[in-house]
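Each remark here refers to the structure printed beneath this line.
Here is how names work: the chains are called A, B, and so on, in the same order as the sequence lines, proteins then strands, and each is numbered from 1.
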Amino acid sequence: MATDSWALAVDEQEAAAESLSNLHLKEEKIKPDANGANGAVVKTSANTEKTEEDEKEDRAAQSLLNKLIRSNLVDNTNQVEVLQRDPSSPLYSVKSFEELRLKPQLLQGVYAMGFNRPSKIQENALPLMLAEPPQNLIAQSQSGTGKTAAFVLAMLSQVEPANNHPQCLCLSPTYELALQTGKVIEQMGKFYPELKLAYAVRGNKLERGQKVGEQIVIGTPGTVLDWCSKLKFIDPKKIKVFVLDEADVMIATQGHQDQSIRIQRMLPRNCQMLLFSATFEDSVWKFAQKVVPDPNIIKLKREEETLDTIKQYYVLCNNREEKFQALCNLYGAITIAQAMIFCHTRKTASWLAAELSKEGHQVALLSGEMMVEQRAAVIERFREGKEKVLVTTNVCARGIDVEQVSVVINFDLPVDKDGNPDNETYLHRIGRTGRFGKRGLAVNMVDSKHSMNILNRIQEHFNKKIERLDTDDLDEIEKIAN
DNA sequence: AAAAAAT
């Protein structure tokens, strides 16, 4: 059972609490966790005569204590909801990467990426994912809370670099996201000398009869399915960890669903399955739990928190041309940092990019109709900051992480195939900004009664006021650009 | 409607 590794980690925490109690502290209590695992009571004998050295130690210990208290209190607000497959095993969350007893070269990779301590989702998901035997997990956590690093770490901790065949497989909904996640895998795994990563994406062609020798494969569903079935480049029976990123689209949208499920069925019975997303609509939750055998579930559900750091506005127009004019008025303000402009169709996106260019505004265009080489080049230029404004479709709605993006513009509001508001996509789109708690700005373009109605329904769904913005009023624009 | 395919 998993209890062995957990028990070790708990011991270690108790040892830490012990050493804390040897310091000169005022009497303090740490509130036990909801699960009791992190509970510790620290008592001290008050010392009247203190040296300067003692004072220093006091302050250090006090600040450590404050941190512990704060994080325990955060846990008690039910910010994190954990549903365990085996309720008898102790619920455990880690407060440092050391507690996970990772291989040294992996810990080195984690720190090299600048991670000092686990994020909220990582605290709870990592012990579960690294347990023995491997546990399946469905995890929901807002944009920019460290989901990618969490599942990459899980893959890297299971991989055996000496074996030259794919052991971990990760699916992404788009080409750009696969490239981005691949980079994280490469960075975090760079201290494994033998470890290699293969990209199973459109345009990446292998010789017939060839086998993938890389230990980890990241890819998009169509190509991965081909590589596993028809082309036999990958032996799916040897996969130990299977990750679905943006899992709700992967299992619920037509096209992706078919391929993802077909791939999943080829995997061995004991393969670990990890599903991650910022959003799971109710019906998709149910389906996800049917797809994943014996799932553990972690929800970090604070949509309001994401929305608090992002100011949302709407601009009232009468047609597409007026939206275009309003956008031109905004151009100066949005190019202070980087911006993404979302359109409903590829056609609108390319039209808009062309029109903006004609007006002398430099913009980049990215949509699924472009060649993959071109797409890779555009996203790279945008990442490097060489392009300030990216006009795109839903291809970039999810996962794309460019830190300098501070403005998201919905030139068209997100709607589903039936013309209803697509709340999940809305949240993902505006989640491209305000990453890791930074402030962001979202501007929605409304051009009809119908789209005003859609916006109102989105506003109701998130119960968050979206204010009117007058783009003809320069002071107003000044205000949002600050 | 977009995305995903060596079909």
Side-chain angles (χ1 to χ4, degrees), chain A residues 169-182 198-212 217-234 243-264 266 277 279 284 320 340-353 365-376 378-379 390-400 410-429 432 445 447-448 450-451 454:
Chain A
L169 175 60
C170 176
L171 294 189
S172 294
T174 65
Y175 174 76
E176 286 75 16
L177 192 53
L179 296 191
Q180 178 179 289
T181 306
Y199 289 86
V201 292
R202 194 149 62 177
N204 200 355
K205 296 184 179 173
L206 299 184
E207 299 276 320
R208 212 188 313 174
Q210 210 179 324
K211 290 273 181 250
V212 174
V217 178
I218 171 89
T220 40
T223 309
V224 170
L225 181 59
D226 275 356
W227 286 23
C228 285
S229 55
K230 201 172 56 192
L231 303 169
K232 300 225 168 7
F233 294 155
I234 297 173
V243 178
L244 284 179
D245 193 9
E246 305 297 343
D248 56 336
V249 267
M250 300 305 278
I251 62 168
T253 65
Q254 198 45 255
H256 281 136
Q257 178 179 46
D258 254 38
Q259 293 166 329
S260 303
I261 300 296
R262 281 178 63 194
I263 294 165
Q264 187 219 355
M266 302 169 80
S277 183
T279 53
V284 182
R320 192 166 83 162
M340 293 174 90
I341 304 175
F342 288 97
C343 302
H344 189 51
T345 66
R346 300 164 164 190
K347 215 175 132 192
T348 308
S350 69
W351 167 84
L352 181 60
L365 171 67
L366 181 52
S367 88
E369 67 186 348
M370 293 159 56
M371 308 261 286
V372 280
E373 296 80 10
Q374 209 180 349
R375 289 169 64 169
V378 169
I379 196 75
L390 186 67
V391 179
T392 187
T393 62
N394 275 343
V395 69
C396 286
R398 285 166 170 263
I400 298 304
N410 286 320
F411 191 79
D412 299 312
L413 297 178
V415 290
D416 64 18
K417 59 176 169 22
D418 306 316
N420 290 316
D422 186 343
N423 297 313
E424 282 69 37
T425 300
Y426 182 83
L427 194 64
H428 278 280
R429 279 185 183 181
R432 295 315 92 218
M445 305 280 197
D447 63 358
S448 62
H450 178 243
S451 60
I454 303 242

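Looking at heavy-atom distances under 4.0 Å, A:Phe342 makes no contact with the nucleic acid at all. Note on A:Gly255: a base of the nucleic acid sits closer than 4.0 angstrom, heavy atoms only. Nucleic acid contact class of A:Arg375 (heavy atoms, under 4.0 Å, all strands): sugar-phosphate only. Among the heavy atoms of the strands, none lies under 4.0 Å from A:Leu225. Base engagement by A:Leu206 is indicated by at least one non-hydrogen atom pair under 4.0 Å involving a base atom.
Residues passing the ring pair (Phe, Tyr, Trp, His ring centres under 6.0 Å) test with A:Tyr175: none are found, sequence neighbours excluded. Contacts of A:Asp412 classified as salt bridge (charged side-chain N to carboxylate O under 4.0 Å, His left out), with partners at least two apart in sequence or in another chain: A:Lys323. With sequence neighbours excluded, the residues that form a side-chain contact (heavy atoms from CB on, under 4.5 Å) with A:Gln259 are A:Pro221, A:Leu225. With sequence neighbours left out, the salt bridge (charged side-chain N to carboxylate O under 4.0 Å, His left out) criterion links A:Lys230 to A:Asp226. Under the rule for a salt bridge (charged side-chain N to carboxylate O under 4.0 Å, His left out), A:Arg202 has no partner lying at least two apart in sequence or in another chain.
The one candidate from A:Asp422, A:Asp245, A:Asp248 that meets the salt bridge (Lys or Arg N to Asp or Glu O under 4.0 Å) condition with A:Arg398 is A:Asp248.
Bounding nucleotides for the chain A contact on DNA chain B, 5' to 3', at a heavy-atom distance below 4.0 Å, are B:dA1 to B:dT7.
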